[in-house]
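All remarks here apply to the structure that follows.
Index from 1, following the sequence. Keep in mind that the numbers below use all heavy atoms, side chains included, and drop hydrogens, waters and symmetry copies.
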Amino acid sequence: MTSSRVIMSQTDTTSKGSGKAATFFSFPNPVNEVSARLVAAGVVVMSVLTIALNLKWATAVIAYGFVARVLAGPTLSPLGQIVTRVVTPRLPFAARPVAGPPKRFAQGIGAAFSVTALVLTILGFWGAAQIVLCFLVAAAFLESAFGLCLGCKVFAVLIRFGVVPEEVCEKCNNIWLHSASA
């Protein structure tokens, strides 16, 4: 149980700047895969309830969660805090460290989708927002149920094509091998 706390407290050393702000606005590296999958499950539940119950206001909560996790990992995210501080430490699973940069990229994609859904909701296009949320549900479900992180796969492709420098994440350029051996 202690190892999951250690994994989540290590921060990305590539953050620019120094001091408390740089530490606060950093992303864990490595990330505990168990916690990541539980956060994804939380996103599935929240998004499905938002769609099914027409909880338009909850789109803002979902968008906030993604933006918060991109900026500071679980630090500013209520869902991230509940998962990393309450749920994961109480589970009988060992921590499974995975590279942080692809997970942060995946959170960024989730932020783009959820903010798009929020803007569509504000503009009165609730049906379109629900469709965007359905895509978010699909991706989060794949992550939570099967450990298939679509954003991580896109990140690996971007490294292969040189869009993201390999130095950003040395382990990430072989993510296809990691998921095949898991």
Side-chain angles (χ1 to χ4, degrees), residues 1-12 15 19-93 95-122 126 129-130 132-152:
M1 284 196 279
T2 307
S3 60
S4 66
R5 290 186 190 125
V6 171
I7 295 296
M8 293 310 294
S9 67
Q10 295 176 359
T11 54
D12 183 3
S15 296
K20 292 180 181 179
T23 302
F24 185 77
F25 289 109
S26 62
F27 197 86
N29 187 25
V31 170
N32 184 349
E33 178 75 8
V34 175
S35 294
R37 290 177 72 173
L38 288 170
V39 167
V43 168
V44 169
V45 169
M46 290 178 6
S47 298
V48 167
L49 290 173
T50 299
I51 294 165
L53 301 176
N54 286 314
L55 302 175
K56 297 176 185 179
W57 60 268
T59 308
V61 174
I62 295 165
Y64 168 78
F66 274 105
V67 171
R69 288 188 296 277
V70 169
L71 291 175
T75 306
L76 297 175
S77 165
L79 178 59
Q81 286 292 303
I82 291 167
V83 166
T84 59
R85 293 184 184 264
V86 178
V87 180
T88 303
R90 287 171 172 75
L91 294 175
F93 307 118
R96 292 183 28 206
V98 295
K103 293 293 186 185
R104 188 177 212 175
F105 180 79
Q107 289 294 315
I109 293 173
F113 273 78
S114 59
V115 168
T116 298
L118 177 60
V119 169
L120 288 168
T121 301
I122 291 168
W126 177 235
Q130 289 175 306
V132 173
L133 287 173
C134 283
F135 285 115
L136 192 61
V137 166
F141 177 77
L142 290 172
E143 168 77 10
S144 66
F146 304 111
L148 176 61
C149 176
L150 296 178
C152 299

What one should report as the nearest heavy-atom pair of R96 and N32 is N-OD1, 3.2 Å
Salt bridge (charged side-chain N to carboxylate O under 4.0 Å, His left out) partners of residues 39-61, not counting sequence neighbours, each pair once:
none
Can you confirm whether Q130 sits close enough to N54 that some side-chain heavy atom of one is under 4.5 Å from a side-chain heavy atom of the other?
yes
Measure the shortest side-chain to side-chain distance between L150 and I109 over non-hydrogen atoms and say whether it is less than 4.5 angstrom.
no
How close do V98 and E33 get, counting heavy atoms only, and between which atoms?
CG2-OE1, 3.4 Å
Using the ring pair (Phe, Tyr, Trp, His ring centres under 6.0 Å) criterion, which residues pair with F105? Sequence neighbours excluded.
F155
Apply the test side-chain contact (heavy atoms from CB on, under 4.5 Å) to residues L55 and V61: give CA-CA distance (whole Å), side-chain angles for both, the deciding distance (0.1 Å), then the verdict.
CA-CA 10 Å; L55 302 175; V61 174; over 6 Å; no
Nearest heavy atoms of V31 and G100, plus distance in Å:
CG2-CA, 3.7 Å
Could you list the donor-acceptor pairs under 3.5 angstrom formed between side-chain atoms of residues 42-52 and any protein atom two or more places apart in sequence or on another chain?
residue	atom	partner	partner atom	Å
S47	OG	V43	O	2.9
T50	OG1	M46	O	2.7

Quick one: side-chain hydrogen bond (donor to acceptor under 3.5 Å, both in side chains) partners of S77, sequence neighbours excluded?
R69
Quick one: pull up CG in L71 and CZ in F66 and give me the separation to the nearest 0.5 Å.
13.5 Å
Go through S35 and T84 one step at a time and tell me if the side chain to side chain donor-acceptor pair (under 3.5 Å) criterion holds.
CA-CA 6 Å; S35 294; T84 59; over 6 Å; no
List for me each residue that meets ring pair (Phe, Tyr, Trp, His ring centres under 6.0 Å) alongside Y64, sequence neighbours excluded, and say none if there are none.
none
Residues at least two apart in sequence or cross-chain that pass side-chain contact (heavy atoms from CB on, under 4.5 Å) with A63, listed by chain then number, are S114, V115, L118
Taking T121 for its side chain and A117 for its backbone only, find out whether a donor-acceptor pair lies under 3.5 Å.
yes
How many angstroms lie between atom CD1 of I82 and atom CG of L38, to the nearest 0.5 angstrom?
12.0 Å
Pairs flagged by side chain to side chain donor-acceptor pair (under 3.5 Å) wherever residues 139-149 is involved - sequence neighbours left out:
K103-E143
